[in-house]
Each structure stands twice: as structure tokens, then as C-alpha cells.
There are 2 protein chains.
Amino acid sequence: MVSIKDVAKQAGVSVATVSRVLNNKGYVSESARKKVEQSIQELNYKPNEVARSLFKKQSKTIGLIVPDIMNPFFPELARAVEDIAAELGYSVILCNTDENKEKEQHYLDVLLQKYVDGIIVSSNTLSAEQIHKLHIPIVSIDREISQGIPTIVVENKKGAQTATRFLKDKECKKIAHIRGPLGVTNADERCEGYKEVVSGEPWFRESYIVNGYFDMQSSIEATNKLLRLHPEIDGIFAANDTMAIGAIKSAHQLGRKIPEDIAIIGFDGIALSKATVPELTTIVQPIYELGKKATTMLVHLIEKKPVEKTFYELEVRLVERHST
Amino acid sequence: MVSIKDVAKQAGVSVATVSRVLNNKGYVSESARKKVEQSIQELNYKPNEVARSLFKKQSKTIGLIVPDIMNPFFPELARAVEDIAAELGYSVILCNTDENKEKEQHYLDVLLQKYVDGIIVSSNTLSAEQIHKLHIPIVSIDREISQGIPTIVVENKKGAQTATRFLKDKECKKIAHIRGPLGVTNADERCEGYKEVVSGEPWFRESYIVNGYFDMQSSIEATNKLLRLHPEIDGIFAANDTMAIGAIKSAHQLGRKIPEDIAIIGFDGIALSKATVPELTTIVQPIYELGKKATTMLVHLIEKKPVEKTFYELEVRLVERHST
DNA sequence: TTGAAAGCGATACCAA
DNA sequence: TTGGTATCGCTTTCAA
């Protein structure tokens, strides 16, 4: 690889001068600049980012920590993060943690050693303490970790209310909820939203709420159980789309027609929700927007530019398709 | 951040000695090693990877270049790559190119400047020349770029034959093919496989083959056109699962029952293929295995360990579900 | 067995 | 305007 020295030699100037034209900083005569620029061209010189990083203590790289990129929610998020990062001159290192504490700490260490300039993280298990020890900007996405930490989430409770009310408006008489894992903020909030709408109803019972783990298999099982226990159910609000699809499959197996016998609504608006037959009615999150906002904010934090807010709760919207 | 100097001072030895115990290289007395290890513990010292990279001219980082992580084929691949990379002590930088030549070249430059040790790439537009100029190990995945370049693909033609023959065995009398983009190796190969099986049939015509772009929308349109032109079609082999799902939706809209009126088979075995109703019969690629093999091979190449082969054509297998 | 010092490729201070 | 040089944190050679 050709280095700054080679350029300097070729141009007949010092490395300091080359550095100056590279960074457009300090005084450089027109003639010197010309010579340097030409040499850079001729040698096809590209500054070594590693050397730069060492000196500047920053790497133009950010870390993206997600539970699992195979979870259909995250590819779109990752795409947004990578798009914006690239636009702003940053690269992104991808990390999958499976919500595993050790893996998370491990990746945090690795990223720190690599001098990443900031991290976007989606996690429940990370503690505020762990994060503050990092001493680099962090943005928490999709899930709230702690007050002091910049966070971008969506209106989970409101979305859940909208979904549940929509089912009521569609004349559903008995509405069940397949909730996400206990203790996960967004799952809890969505469950709350559901409850606020139905808990006053005479028909409502706690057993209308069943547990899922945001994945399809758990949802199929939960729905099977649910519909056996409560055959009267004619509406289901699933806490995410993947589970809604599981519910569709389960209902299908049990011979229930959708939406005639049971209306089903999801949450997320992942691409998959348009692939099913019938297409899924769902509460659409602006996933790309989420990633975009997080990345923009992170880079502002990194570059010490002003940020107006460090907490965003993005709007969700109901998209009616054919499952309701 | 605590540096090697701090450790040296604390342990009362030189940085050289600390480096020796860090790398387990050269002579170090038991007592010195003890002291150093203790200081490392006490200070919670983690060597700065950037400084290491600068000296060693390698970064324990690899690049993963894909067209679009939102394309359902790639998350699983990315997950495999990241898993294995992490296991072997490497991080992975994610790049989305949209098959765009400029973006590809840009990412190549960036990765090179960051001293990545190797690159896994999925692309049609990259030239062999571009790649050879890199002077670092590359593995091409999913698509063949050129003979000299380490490559991992699947048996596209054979899989396509299997799919088409399967449809024939299912008593389909008129089998159509929704092919992928012209000029993309795997799309071409799958089309060829289809043709080899049906081109001898008396009913076969070129107009049974329609173009798609590996996405859902194009496939819906293609299928609409196809079924209007040839209502007699009772079997469709789509060149990937996303297009097969598009075909299902189109057939549905046109009031055709699947699999009774039309049998549909896909290719890839993405997670989505299990989410549809009816679940998709498809030619399953070992996607995770693909990523795993590519990463293992790349790291071997990087670390100059022996690799037995630099070309793999992985087996695919038919998984029968309910769309046929 | 150990430490001093050169060097990796850049930046930025200071003196000229 | 320019160049010399210390510096970032680490590895490795060489001499002791």
C-alpha cells in the first residue's frame, strides 16, 4: 500500500504538507497543493484509516448490537442504520447477541477495543451501569434501558390500544391477546395497551392473555391452547407480526376462517406481513425511520453536534389489510 | 483507556515484556509473567486493537458485502458469517450495495482502508479484475464471479431439475417457470435446469418462461400475465421463494386453488417459506452452511492455513410442504 | 530473560 | 507556508 511518505516524496514536499492538503487544514500554497493532489492521483493514494484512528482515537465505525439479525424486524433496521452511517462516512459492525448477557459484554469489549465511535443497541439485558462505563455515545433502540440513555422507541401502548379498539370496531366480541415475553418493555407496554381497552368489558378474563416469545412456534402453541380453552374468541391481537402469522396458521389448522371466524391483527409491519394469505392487518412501526433516527442521533452525539432531544417515541399507524 | 505502558509501570517491567506475555511469545520468566498478569487484571487492561492493526497490517475484521440485507436470503447468511467470524475472533462490517457498481467499489475502498483482512461478497457486477487488485482474500458467495476466485454456490441446475421433475411427478401437465433476472448466474442456471426437464415435452413453449427480479412485486405481475396468457398452466416453478410467494398471491387473486388447481414450488428455503398458507414446497439451500463454509474458508485463507478446495457447490434438497 | 528503541501511517505542534 | 518531529499504542529486533 502506498503511504503518505510516498506521496510526499513524489510531490517533493514533507508529509506534514500532504497531511494538510488531505485534511484541508492549515496553510498550503496553491502550487504545493497542486503537486500533492497530482501525486495522490498518480499513486492512487488512499489514507490509512487505521493509522488515523490510532491518532484520533476514533474509527469512523459504529457498532450495531441486535439480538438476532434473522429476526425479521432487524434487517430493515440494520439496512437503515447502514445506509445512514455510510452516508455520514461511517461503517457498521454487526453483532448478534441472542439476548445473552455474556455475548453482549463480549461484543461491548470488542467494539471498545476497536475504537468504535458509538454503538446502537437493542437489548433488555444490558444495564445502565454497563453502558455508562463505556464512555462512548450509545443509542438504545426499540427498548428502553434507562432514563439517562438516548433512546428511540415507538408508541407501544398507544399502538396496542389502537389495535384492540379496531378489533372492537370490527364487531369482535371476545378479543384475546398473545403477548411477548414478560419483562421485555415493549411486550409489557403492548399488553398494557390491550388491557386498558378490554379490562372493563364484562367478558374479559385474564385467561384471554397468553404468552408467546415473539416467535412463530410459541405463538402457534399459544393460539392452539387459547382457542381450545376459549372457542368463543373471535379476535386476536398478537404483540408482533411473527406471532400474528403463527396465530393465522394455528387458526387455519383448527379450521377457522380468517377474517370471517376470527380477526387477527399484528404489530410491527415487517415485510412478511404482506406475504401471507390473507395479508395481515397490523400496527406498522416506522422501522426504517427508527434506524435512521438512531443513526443520525448517534453520529450527532459522536461529533458533538447539538441534538434537540435524546428521547423519541415514534408514531405507529394502523394498516388495514385482509386478516380483519 | 489504560495502555500497555500503564500495565508495564504497574508491573515494574518494560512494555516489551508485557507485550510478550500478551502474545505468549518470546522468553518471559515465571515471576515476570505473574506480575504482568496481575497488573492486567487489576487495571482491567484490554489491548488496543487499532494499534495492533497498524503494526500487524491486519484488523481481525472482515467485510460482508451483500446486495441488500432486507432480501430475506441474506439475514441467515449474515448470521452465519457473523457467528463463525466471532468464534474465530473476527468482527464483520456489513455493506449493502443494491448491486450498484459505484457502491461496490466505494465499499471495497473503505474496507481496504480499514485494513479488513478479507471479504465475503455476493455480487454479479464485480469484475475479477477489481477483485484481484485488492490483494486480500475474497470469497464469493451465492454467485460465481470468475474461475480463479474462491467461490461457494449451490447446485442451482440440479435443484431446478429436481423441482421441475417433482412437479411432473405430481401430475402437472403444463409447467411454467418464473425466472430470475437475466445474466445473474444462479437465475440462468435454474432456468437451464427447468428447460432441460421440459424442453422435450410436446406442450412446451418459450412463453411458459416469464421474467421476474427475485422480488414479490415483479413475480405477482409476471404470474398474472402468465396465467392470463396460459390458463392451462397447472404447475409453476419459481426461481426463488419470494417469487413463489408472489405467485401464490397472484393465483389466489385469480381464484385458483393451491395446490388443487396449480402447484407451486420455490427455491431457497428462506424462513418466509414456512410462514405462508399453504406452506411452500421448495428447494432448500443450506444458507447457514453456505455462510459458515465461506467464513471458515476465508479465515483459513487469511491465516494462510491450508484449504482443501476453493470451490464448493453445496447440495440442495427438496422439502415438500403444502403448495404442491 | 529483559529493555531500549525503531517502526507501523497518520496528525498536529512548534519553529523556522 | 513549510518541514521536523513527537505522538497515538503496540510489536519486534537487537544488544545486553
Side-chain angles (χ1 to χ4, degrees), chain A residues 1-37 39-40 43-61 89 109-117 135-136, chain B residues 1-37 39-40 43-61 89 109-117 135-136:
Chain A
M1 277 260 91
V2 17
S3 83
I4 197 171
K5 274 191 196 162
D6 305 314
V7 177
K9 197 176 293 170
Q10 163 106 332
V13 298
S14 73
V15 297
T17 302
V18 178
S19 177
R20 282 188 204 101
V21 348
L22 243 33
N23 298 287
N24 238 306
K25 206 182 231 171
Y27 297 102
V28 184
S29 66
E30 245 338 283
S31 68
R33 155 162 284 118
K34 277 266 147 51
K35 282 186 295 181
V36 169
E37 275 166 353
S39 303
I40 288 178
L43 299 174
N44 187 23
Y45 165 73
K46 301 263 165 43
N48 179 328
E49 282 300 330
V50 176
R52 279 189 163 163
S53 297
L54 181 58
F55 189 91
K56 303 261 219 81
K57 293 175 181 317
Q58 41 134 305
S59 58
K60 288 283 178 182
T61 304
D109 288 342
V110 169
L111 293 176
L112 236 44
Q113 289 185 56
K114 292 219 153 100
Y115 266 164
V116 297
D117 301 333
H135 302 297
I136 59 170
Chain B
M1 275 263 88
V2 17
S3 84
I4 197 171
K5 273 192 197 162
D6 304 314
V7 176
K9 197 176 297 170
Q10 163 107 332
V13 299
S14 72
V15 296
T17 301
V18 177
S19 176
R20 283 190 200 100
V21 348
L22 244 32
N23 299 286
N24 237 307
K25 209 180 226 171
Y27 296 99
V28 183
S29 66
E30 244 341 279
S31 67
R33 154 163 284 120
K34 276 266 145 55
K35 282 185 294 180
V36 169
E37 275 165 354
S39 303
I40 289 179
L43 299 173
N44 188 22
Y45 166 73
K46 301 262 165 45
N48 179 329
E49 281 301 329
V50 176
R52 276 189 163 164
S53 295
L54 182 58
F55 188 92
K56 302 259 220 83
K57 295 174 179 318
Q58 40 133 308
S59 58
K60 287 286 179 180
T61 303
D109 288 343
V110 170
L111 293 175
L112 235 45
Q113 288 186 54
K114 291 220 153 98
Y115 266 164
V116 299
D117 300 334
H135 302 298
I136 59 170

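Each chain gets a letter, A, B and so on, in the order the sequences are listed, and its residues count up from 1. Quantities reported herein were computed from a predicted structural model and do not represent experimental measurements. Atoms considered below: every heavy atom in the structure, side chains included; atoms not considered: hydrogens, waters and symmetry mates.
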Problem - Residue whose nearest DNA chain D nucleotide is more 5′ - A/Val15 or A/Gly26 - result: A/Gly26
Handout entry: Which residue lies more 5' along DNA chain D, comparing B/Ala16 with B/Ala51 via nearest heavy atoms
Key = B/Ala51
Handout entry: Side chain proximity check, A/Leu22 to A/Arg52, heavy atoms < 4.5 angstrom
Key = yes
Problem - Atom pair distance, as rounded to whole Å: CD in A/Glu49 and C1' in D/dC8 - result: 15 Å
Practice task
Would you tell me if any nitrogen or oxygen in the side chain of A/Lys5 comes within less than 4.0 Å of OP1 or OP2 on C/dA10?
Solution key: no
Exercise for the section: Check whether any side-chain heavy atom of A/Val13 lies under 4.5 Å from a side-chain heavy atom of A/Val18, and answer yes or no. Expected result: yes
Practice task
Examine D/dC10: is either OP1 or OP2 under 4.0 Å from a nitrogen or oxygen in the side chain of B/Ser19? Give yes or no.
Solution key: no
Practice task
Would you mind classifying the nucleic acid contact of A/Val50 as base, sugar-phosphate or nothing, using non-hydrogen atoms under 4.0 angstrom?
Solution key: nothing
Fill in the blank from the handout: Winner on side-chain proximity to A/Leu54, out of D/dT2, C/dG3, D/dG9, is D/dG9
Exercise for the section: Calculate the interatomic distance between A/Lys25 atom NZ and D/dG3 atom P; express it in whole Å. Expected result: 19 Å
Practice task
Check whether any side-chain heavy atom of B/Arg33 sits under 4.5 Å from a side-chain heavy atom of B/Asn24, and report yes or no.
Solution key: yes
Practice task
Please work out if A/Val18 contacts a base, only the sugar-phosphate, or nothing of the nucleic acid, heavy-atom cut-off 4.0 Å.
Solution key: nothing
Problem - Close side-chain approach of B/Ile4 and B/Ser19, heavy atoms under 4.5 Å - result: yes
Practice task
Mind checking A/Ser29 for me? I need base, sugar-phosphate or nothing, with any heavy atom below 4.0 Å counting as a touch.
Solution key: sugar-phosphate
Practice task
Measure the distance from NZ on B/Lys9 to P on C/dG3 and round it to the nearest whole Å.
Solution key: 15 Å
Exercise for the section: Would you confirm whether B/Lys114, through its side chain, and B/Ser59, through its main-chain N or O, come within 3.5 Å as a donor-acceptor pair? Expected result: no
Completion exercise
Per atom distances to the B/Tyr45 side chain, the nearest of D/dT12, C/dG9, D/dC10 is D/dC10
Fill in the blank from the handout: Here the distance between atom P of D/dT11 and atom CG of B/Asn48, to the nearest Å, is 10 Å
Fill in the blank from the handout: Separation of C/dT2 atom P from B/Glu30 atom CD, nearest Å, is 10 Å
Completion exercise
Testing D/dC8, C/dT2, D/dC10 for proximity to the side chain of A/Phe55, the answer is D/dC8
Completion exercise
Taken to the nearest whole Å, CG/A/Asn23 to P/C/dC13 is 12 Å
Fill in the blank from the handout: Testing C/dG3, D/dC10, C/dG9 for proximity to the side chain of B/Pro47, the answer is D/dC10
Handout entry: Integer-rounded Å distance: C/dG9 P and B/Lys56 NZ
Key = 15 Å
Completion exercise
Considering only heavy side-chain atoms of B/Arg52, the closest of D/dG3, C/dA12, D/dC10 is D/dC10
Exercise for the section: Return the value, rounded to whole Å, for the distance between atom CD1 of B/Ile4 and atom C1' of C/dG3. Expected result: 13 Å
Exercise for the section: Among the candidates C/dC14, C/dC8, D/dG9, find the nucleotide nearest to the side-chain atoms of A/Arg20. Expected result: C/dC14
